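A quick write-up on the structure given underneath.
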Amino acid sequence: MATQKMLKFVTLGKEMPEKRDPSARAQDFHEIYREYADQKAAEQAGRCSQCGVPYCQSHCPLHNNIPDWLKLTAEGRLQEAYEISQATNTFPEICGRICPQDRLCEGNCVIEQSGHGTVTIGAVEKYITDTAWEEGWVKPIRPHAERPESVGIIGAGPGGLAAADVLRRQGVQVTVYDRYDRAGGLLTYGIPGFKLEKPVVMQRIDQLAQGGVQFVANCNVGDDITFDAIRGQHDAVLIATGVYKSRDIEAPGVGARGVVKALDYLTASNRHGFGDDVPEYDSGELNALGKRVVVIGGGDTAMDCVRTAIRQGALSVKCLYRRDRANMPGSQREVQNAEEEGVEFVWLSAPKGFTGGIEVDGVMVQKMRLGAPDATGRQTPEIIEGADYVEPADLVIQALGFEPEALPTLWGVPELKVTRWGTIKADFRTHETSLPGVYAAGDIVRGASLVVWAIRDGREAADAILGYLNQTGAVAAE
Ligand code: FAD
Ligand code: SF4
Ligand code: SF4
């Protein structure tokens, strides 16, 4: 009986796909988890208790129908599992790899809450869609009928691409503009290959291109083409440009050679991985080989930098963070991966300045302690006087987060309303901005967030754009 395949959590423990040995994975940029064997995926999916009220689903930003695709996987009905999974998620194999599941679906699984270890939802989601690609079940988009309306999407990250997919399926003519030479946004140039191998992203972009989505690469809106020109060429526009202005440290010596920004560093590494000519990498400016590396920050970008430096052959890699392990924003799973690979975390430490003059040779470190909680309840770091020291460093990577660029100024559209943080003001359901027919999605609205939220925004914005096109088309036809 089919149900006998479920509820196995009582007798079967949680088992993630095999993790590669740290010494081997530190030598390359391949993903660190292997694929589940078919039998293992079915068994692990069968641990689900098929909750009547599935908290996993309500805590997934896409409200994926997790219990159903777990049950189908346990029964070996993988093509049906794939159909259900892709109905709510544009890029399930990407989310399965890089969603912080411990904070979303898996962190809220009732089996996890009852101490049995979560159902490995992300790994099963990845397994289902990787299988779908291998079996040829993922097909280019073929709309039932073409529509005359066109939509311009600025930004080819997950938000823009998710919207492109929904609109193209309805036959809308879609053009995606991006300032980079490759599409994918941070999936391509931010997130390292050991979390998300690049062919996984490129195959999705090829699928969209084969389905009729037009990509205009190397096109910086506001520079190569005006925003008004894009509005003039399309019936509606979606802004999905992400957030790219890095928060810099304000301390003496920050301008020294060898003090670099996280995204410059990660982009150079990813470009090198693509086989591009990267002079800053070859010259050593953005390459950790043989260096004592200090990364400043405690978020996921910092984790990606430390683990990239290990793979580039750094002499040593230290991560400075001003709070402690329990209070860092980055995922604990990533900290553990980094420690296994040889990264040293220096908690309760903040940079006071940089030594060495023209070329950095050290970070002046201030020791901190956690004081009284602030308005948000988070303990404020306080300086411990007289405990400063110098941490030797040849490469210092600043990973303190990102802010939006000033789009209304850069694009000469003061009517485009932004919040006091500079993110675009958009309706939280329709994603329409202060300009009629102009929508916004992803990090440029939320501030630095997650891929899964960008996908959700992109899909919702596309639905709203379809409604707008139907309405304006009807008005035009009257
Ligand atoms: P982006 O992915 O930033 O894409 C925006 C695109 O717009 C870019 O391609 C850019 O070139 C283009 N663009 C910008 N301005 C213009 C312009 N003027 N003209 C033309 N094109 C323009 N999230 C996770 O869920 N899991 C993770 O593990 C994870 N790791 C991360 C690691 C790093 C290092 C970073 C920086 C972020 C990470 N994130 C992660 C966050 C995630 O990548 C973002 O939340 C997500 O990519 C946002 O999607 P988006 O489409 O809004 O923007
Ligand atoms: Fe979990 Fe992310 Fe998949 Fe949702 S999309 S089920 S949060 S891994
Ligand atoms: Fe299955 Fe856990 Fe979701 Fe319940 S919460 S349906 S056990 S995955």
Side-chain angles (χ1 to χ4, degrees), residues 1-18 31 33-99 101 104-112 116-142 144 162 165-166 169 197 199-200 203-204 207 210-211 452 455-456 459:
M1 214 169 78
T3 47
Q4 285 171 338
K5 294 194 182 295
M6 306 309 289
L7 287 157
K8 285 196 187 148
F9 73 94
V10 183
T11 51
L12 191 72
K14 170 189 169 188
E15 208 179 314
M16 281 291 283
E18 189 195 338
E31 287 172 11
Y33 291 101
R34 298 191 197 281
E35 192 75 89
Y36 270 139
D38 296 346
Q39 183 59 29
K40 190 61 77 186
E43 276 175 18
Q44 287 293 310
R47 294 182 66 244
C48 169
S49 76
Q50 297 287 284
C51 304
V53 181
Y55 288 107
C56 56
Q57 182 169 6
S58 45
H59 284 84
C60 164
L62 295 164
H63 301 310
N64 282 342
N65 192 344
I66 299 165
D68 280 8
W69 46 253
L70 286 173
K71 183 165 183 283
L72 289 165
T73 304
E75 293 170 4
R77 294 159 64 186
L78 277 185
Q79 192 163 3
E80 291 162 85
Y82 162 69
E83 291 302 335
I84 293 184
S85 158
Q86 63 84 46
T88 51
N89 190 351
T90 320
F91 309 123
E93 72 283 25
I94 294 178
C95 292
R97 284 171 165 84
I98 59 165
C99 270
Q101 286 105 9
L104 301 170
C105 52
E106 294 182 8
N108 291 281
C109 169
V110 291
I111 294 178
E112 170 78 1
H116 287 86
T118 179
V119 178
T120 52
I121 300 167
V124 175
E125 188 177 27
K126 165 181 178 287
Y127 165 79
I128 294 168
T129 316
D130 284 352
T131 308
W133 277 103
E134 279 161 28
E135 297 291 330
W137 302 333
V138 186
K139 301 266 191 263
I141 301 163
R142 292 280 172 266
H144 290 305
D165 179 84
V166 172
R169 283 177 196 280
E197 286 181 6
V200 175
Q203 72 186 356
R204 277 294 176 187
Q207 182 214 11
Q210 285 164 17
V452 66
I455 295 173
R456 171 169 163 172
R459 291 172 67 96

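In this text the structure is predicted, and so the values were computed from the model without any measurement. Residues: numbered from 1 along the sequence shown.
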Taking the side chain as C-beta and beyond, is there a heavy-atom pair between [X] and [Y] under 4.5 Å?
X: R34; Y: M16; result: no
X: W133; Y: R204; result: yes
X: C60; Y: L104; result: no
X: L12; Y: Q44; result: yes
X: I66; Y: P54; result: no
X: C95; Y: I455; result: yes

Distance in Å, [X] [atom1] paired with [Y] [atom2], rounded so as to fall on 0.5 Å steps:
X: K71; Y: I84; atom1: NZ; atom2: CD1; result: 10.0 Å
X: L62; Y: C105; atom1: CG; atom2: SG; result: 10.5 Å
X: N89; Y: R456; atom1: CG; atom2: CZ; result: 12.5 Å
X: Q79; Y: E135; atom1: CD; atom2: CD; result: 8.0 Å
X: T120; Y: Y36; atom1: OG1; atom2: OH; result: 2.5 Å

State, to 0.1 Å, how close V452 and C99 come at their nearest heavy-atom pair, and which atoms those are.
CB-SG, 3.6 Å
Looking only at heavy atoms, what is the nearest atom pair of A45 and A74, with distance?
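Looking at all heavy atoms of both residues, the closest pair is CB-N, 4.0 Å.
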Can you list everything that forms a side chain to side chain contact (heavy atoms under 4.5 Å, CB included) with [X]? Sequence neighbours excluded, please.
X: A132; value: Y82, W137, V138
X: C109; value: I111, E112, T118, V119
X: V166; value: R459, A462, D463, L466
X: E197; value: H30, E31, P199, V200

Check side chain to side chain donor-acceptor pair (under 3.5 Å) between [X] and all other residues, then give those that pass, not counting sequence neighbours.
X: S85; result: none
X: T131; result: none
X: E83; result: Q86
X: E80; result: R77

Are T73 and Y127 close enough that a side-chain donor and a side-chain acceptor fall under 3.5 Å?
no
Hey, are N64 and T88 close enough side-chain-wise for a donor-acceptor pair under 3.5 Å?
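The answer is yes; a qualifying pair exists.
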Would you check if the side chain of [X] reaches a backbone N or O of [Y] as a donor-acceptor pair within less than 3.5 Å?
X: E106; Y: I121; answer: yes
X: H116; Y: F9; answer: no
X: Q207; Y: K139; answer: yes

Considering only residues two or more places apart or on different chains, which pairs with a residue in residues 117-126 satisfy salt bridge (charged side-chain N to carboxylate O under 4.0 Å, His left out)?
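Non-adjacent pairs meeting salt bridge (charged side-chain N to carboxylate O under 4.0 Å, His left out): E35-K126, K126-D130.
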Salt bridge (charged side-chain N to carboxylate O under 4.0 Å, His left out) partners of residues 36-56, not counting sequence neighbours, each pair once
E15-K40, K40-E43
Ring pair (Phe, Tyr, Trp, His ring centres under 6.0 Å) partners for H59, two or more places apart:
none
Contacts of type ring pair (Phe, Tyr, Trp, His ring centres under 6.0 Å), residue Y33, not counting sequence neighbours
none
